[in-house]
Amino acid sequence: MVKTAMTVISLLVACMVAVSPIAEAITCGQVISGLAPCFGYLTKGGAVPPACCSSVRGLNNAAQSTPDRQTTCGCLKGVYASNSGINLSYASSLPGKCGVNIPYKISPTTDCSKVH
Ligand SMILES: *[C@@H]1O[C@H](CO)[C@@H](O)[C@H](O)[C@H]1NC(C)=O
């Protein structure tokens with residue numbers, strides 16, 4: 001868990017540096033901090049905490065444009081790829097559990113440039 005937190009924090013910093021500060025564009029930091037309440041579910045399954053679902057819904061609402069979706073995709077991909085504790089079958093079921101329809105599948109092999 002400490003390792004996961006460290007990975008998340010270093011990703012957060014990397015993303016904050018990489019994403020240019022355009023107002024209103026979604027950032028990796030928002031995506032990752034939004035997912036924080038979801039880590040328990042993503043690693044162990046079980047019930048999805050309400051705080052996680054409200055973040056997932058918020059992120060989905062915030063990421064409506066193609067660049068925002070691509071940013072979100074890239075962030076999630078990075079998080080999933082660098083946290084071996086995350087079970088991808090839980091990750092892919094998460095939006096559905098929260099009643100959110102995400103029009104693309106995120107996996108470590110998703111080509112985010114094809115997300116629109
Ligand atoms: C992920 O969760 C599914 C469903 O509970 C389980 O069958 C699978 O073994 C898990 N995979 C890993 C890598 O833990």
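Just so you know, ligand 1 is whichever comes first in the structure, and atom 1 is the first atom listed for that ligand.
Annotation: salt bridge (charged side-chain N to carboxylate O under 4.0 Å, His left out) contacts involving residues 106-116, sequence neighbours excluded, comprise Asp111-Lys114. Screening residues 90-100 for side chain to side chain donor-acceptor pair (under 3.5 Å), with sequence neighbours left out, gives Tyr41-Ser93.
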Identify all N/O pairs between ligand 1 and the protein with a separation under 3.5 Å and present them as a table of atom names and distances.
{"unit_1": "ligand 1", "atom_1": "2 (O)", "unit_2": "Asn87", "atom_2": "OD1", "d": "3.4"}
{"unit_1": "ligand 1", "atom_1": "2 (O)", "unit_2": "Asn87", "atom_2": "ND2", "d": "2.3"}
{"unit_1": "ligand 1", "atom_1": "2 (O)", "unit_2": "Ser89", "atom_2": "OG", "d": "3.3"}
{"unit_1": "ligand 1", "atom_1": "5 (O)", "unit_2": "Tyr90", "atom_2": "OH", "d": "3.0"}
{"unit_1": "ligand 1", "atom_1": "11 (N)", "unit_2": "Asn87", "atom_2": "ND2", "d": "2.9"}
{"unit_1": "ligand 1", "atom_1": "14 (O)", "unit_2": "Asn87", "atom_2": "ND2", "d": "3.3"}

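Thr27 is listed as a side-chain neighbour of Gln30, based on a closest heavy-atom distance under 4.5 Å.
With hydrogens and angles ignored, the 3.5 Å screen pairs no side-chain donor or acceptor of Asp68 with any backbone N or O of Gln64.
With rounding to the nearest 0.5 Å, the separation of OG in Ser65 from CD1 in Ile26 is 8.5 Å.
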Side-chain polar contacts of residues 45-56 - donor-acceptor pairs under 3.5 angstrom, sequence neighbours left out - could you list them?
{"unit_1": "Ser54", "atom_1": "OG", "unit_2": "Pro50", "atom_2": "O", "d": "3.3"}
{"unit_1": "Ser54", "atom_1": "OG", "unit_2": "Ala51", "atom_2": "O", "d": "3.2"}
{"unit_1": "Ser55", "atom_1": "OG", "unit_2": "Gly34", "atom_2": "O", "d": "3.0"}
{"unit_1": "Ser55", "atom_1": "OG", "unit_2": "Ala51", "atom_2": "O", "d": "3.2"}

